[in-house]
Q: 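Could you have a look at this structure, given as structure tokens, before my questions?
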Amino acid sequence: MDMTRSAILRVAEVLGPVTSLGPGRRLGVWVQGCPLACAGCMSRHTWDPRGGRDVLVERLGELWGRALGDGYEGLTVSGGEPLEQPGAVGELLKTADRIRRAAGRADADLLVYTGREETEIADSAEARAALGHADAVVTGRYRAGEPTRLVWRGSANQRLIPRTPLGHRRYGPHLRRLVDRPELQVRVTDGAVHIIGVPRPGELAALERDLVARGVTFEGNTWRP
Ligand code: SF4
């Protein structure tokens with residue numbers, strides 16, 4: 001059986017270009033479903049594994065190929081918890097790797113955000129296999145009480161770990177890089193406002209107050225219970 005064609009990933013969102021979760025312009029895939037329930041999570045809408053929608057990995061590969069054609073520099077898989085769907089995420093990364101090589105874009109990197117800790121990944125053959133083609137991973141639960149200025153990380157405990165030579169080249173210079181303010185992107189699609197990036201504690205509430213002051217009405221948000 002051709003696993004690449006048959007694999008289905010439950011996704012919350014696919015957006016691009018994303019410029020706040022890894023270097024350069026990127027395709028972002030947010031998977032649906034997370035049981036980790038970190039206090040202060042900004043993506044509560046991705047927790048329910050029955051939410052979101054099913055997307056063929058083959059279709060995501062097409063979007064990735066088109067993104068590479070548009071000059072995108074990487075793919076970021078976030079969530080939700082990618083390692084709750086290790087088979088499909090592994091197939092997505094394998095497909096993305098094949099497509100970037102076929103397109104002559106082996107320089108475009110594959111980054112995965114997971115709430116799993118390094119030890120949890122090391123203890124799981126499924127998780128290790130899923131990340132087989134990832135150039136870098138950001139690991140660890142989000143801990144709202146441990147803010148950080150480290151680029152692309154939400155809390156000080158989270159680790160950015162290069163896994164391949166490309167990952168070391170692209171992420172090595174950023175492992176200890178600090179930013180005064182993390183970049184946040186605001187995208188509006190289908191009547192929803194998407195805040196993309198890794199905000200500091202309190203920043204989402206401040207942004208909401210700012211938008212309300214400008215006349216934006218919120219029917220609900222994903223960062224408050
Ligand atoms: S921060 Fe990430 S790992 Fe934690 S609950 Fe939210 S989606 Fe899950």
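Treat the numbers as computed from the prediction; the structure is a model and nothing was measured.
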Q: Give the C-alpha distance, both sets of side-chain angles, the deciding distance and a yes or no for side chain to side chain contact (heavy atoms under 4.5 Å, CB included) between Leu111 and Trp152.
A: CA-CA 11 Å; Leu111 170 68; Trp152 302 322; 5.9 Å; no
Q: Assess the residue pair Leu63 and Val29 against the criterion (side chain to side chain contact (heavy atoms under 4.5 Å, CB included)); give the C-alpha distance rounded to whole Å, side-chain angles, the decisive distance to 0.1 Å, and a yes or no.
A: CA-CA 10 Å; Leu63 295 174; Val29 175; over 6 Å; no
Q: Could you tell me which non-hydrogen atom of Asp70 sits nearest to which non-hydrogen atom of Arg25, and how far apart they are?
A: O-NH1, 3.2 Å
Q: Cut-off 3.5 Å, no hydrogens considered: what does the side-chain donor-acceptor table look like for residues 74-86, sequence neighbours left out?
A:
from: Thr76; atom 1: OG1; to: Leu21; atom 2: O; distance (Å): 2.7
from: Thr76; atom 1: OG1; to: Arg26; atom 2: NE; distance (Å): 2.6
from: Glu81; atom 1: OE1; to: Thr114; atom 2: OG1; distance (Å): 3.3
from: Glu81; atom 1: OE1; to: Gly115; atom 2: N; distance (Å): 2.7
from: Glu81; atom 1: OE2; to: Leu83; atom 2: N; distance (Å): 2.9
from: Glu81; atom 1: OE2; to: Thr114; atom 2: OG1; distance (Å): 2.7
from: Glu84; atom 1: OE2; to: Arg116; atom 2: NH2; distance (Å): 2.2
from: Gln85; atom 1: OE1; to: Arg10; atom 2: N; distance (Å): 2.8
from: Gln85; atom 1: NE2; to: Arg10; atom 2: O; distance (Å): 3.1
from: Gln85; atom 1: NE2; to: Gln32; atom 2: O; distance (Å): 3.1

Q: Is it true that a side-chain atom of Arg100 and a backbone atom of Asp107 form a donor plus acceptor pair closer than 3.5 Å?
A: no
Q: Rest of the hydrophobic cluster containing Leu178 (Ile/Leu/Val/Met/Phe/Trp/Tyr, side-chain heavy atoms under 4.5 Å)?
A: Leu150
Q: How far does NE2 of His168 sit from CG of Leu175, to the nearest 0.5 angstrom?
A: 8.5 Å
Q: What's the spacing between Leu166 CG and Asp135 CG if we round to 0.5 Å?
A: 4.0 Å
Q: Find out whether Pro165 and Arg169 are in side-chain contact, i.e. whether some heavy atom of one side chain is under 4.5 Å from a heavy atom of the other.
A: yes
Q: If the condition is salt bridge (Lys or Arg N to Asp or Glu O under 4.0 Å), which residues does Arg53 pass it with, not counting sequence neighbours?
A: none
Q: Could you list all the salt bridge (charged side-chain N to carboxylate O under 4.0 Å, His left out) pairs where at least one residue sits in residues 33-43, not counting sequence neighbours?
A: none
Q: Got a donor-acceptor contact below 3.5 angstrom from the Arg163 side chain to the Leu131 backbone?
A: yes
Q: Looking only at atom types and distance, does a side-chain atom of Arg153 sit under 3.5 Å from a main-chain N or O of Val151, one as donor and one as acceptor?
A: yes
Q: State the CD-CD distance between Glu91 and Glu58, to the nearest 0.5 angstrom.
A: 12.0 Å
Q: Of all residues at least two apart in sequence or in a different chain, which pass the ring pair (Phe, Tyr, Trp, His ring centres under 6.0 Å) check with Trp64?
A: none
Q: Can any side-chain N or O of Gln158 pair as donor or acceptor with the backbone N or O of Gly140 at less than 3.5 Å?
A: yes
Q: With sequence neighbours excluded, what pairs up with Ala103 under the side-chain contact (heavy atoms from CB on, under 4.5 Å) test?
A: Leu68, Arg105
Q: Can you pull the salt bridge (charged side-chain N to carboxylate O under 4.0 Å, His left out) pairs that have at least one residue in residues 15-24, sequence neighbours excluded?
A: none
Q: Looking only at non-hydrogen atoms, find the nearest pair between Leu93 and His133 and report the distance.
A: O-CB, 3.8 Å
Q: Inspect the surroundings of CD in Glu118 and state if more than 12 heavy atoms from other residues, nucleotides or ligands are less than 6.0 Å away.
A: yes
Q: By side-chain contact (heavy atoms from CB on, under 4.5 Å), which residues pair with Asp123, not counting sequence neighbours?
A: none
Q: Within this structure, what is the CZ-CG distance for the pair Arg59 and Leu9, rounded to the nearest 0.5 Å?
A: 14.0 Å
Q: Search all heavy atoms of Gly22 against all heavy atoms of Tyr171 and return the closest pair with its distance.
A: CA-OH, 4.2 Å
Q: Report the distance from atom CG of Asn157 to atom OH of Tyr142, rounding to the nearest 0.5 Å.
A: 10.0 Å
Q: Check for me, please, whether Trp47 and Ile196 land in the same ILVMFWY cluster - side-chain distances under 4.5 Å, paths through other members count.
A: no
Q: Could you tell me which non-hydrogen atom of Leu160 sits nearest to which non-hydrogen atom of Pro162, and how far apart they are?
A: O-CD, 3.7 Å
Q: For residues Thr95 and Gly61, report the shortest heavy-atom separation together with the two atoms involved.
A: CG2-CA, 4.2 Å
Q: List the atom of Thr46, the atom of Ala12, and the distance in Å for their closest heavy-atom pair.
A: CG2-CB, 3.7 Å
Q: Quick one: list whatever passes side-chain contact (heavy atoms from CB on, under 4.5 Å) with Ala106, sequence neighbours left out.
A: Arg101
Q: Just verifying a value: how many Å separate Leu110 CG and Thr164 OG1, rounded to the nearest 0.5 Å?
A: 8.0 Å
Q: Taking side-chain contact (heavy atoms from CB on, under 4.5 Å) as the definition, give me every residue that meets it alongside Arg141, ordered by chain and number, with sequence neighbours left out.
A: Leu36, Cys38, Glu117, Glu120
Q: Only counting residues at least two apart or in another chain, list the ones meeting side chain to side chain donor-acceptor pair (under 3.5 Å) with Arg50.
A: Asp48
Q: Which residues pass the side chain to side chain donor-acceptor pair (under 3.5 Å) test with Arg66, sequence neighbours left out?
A: none
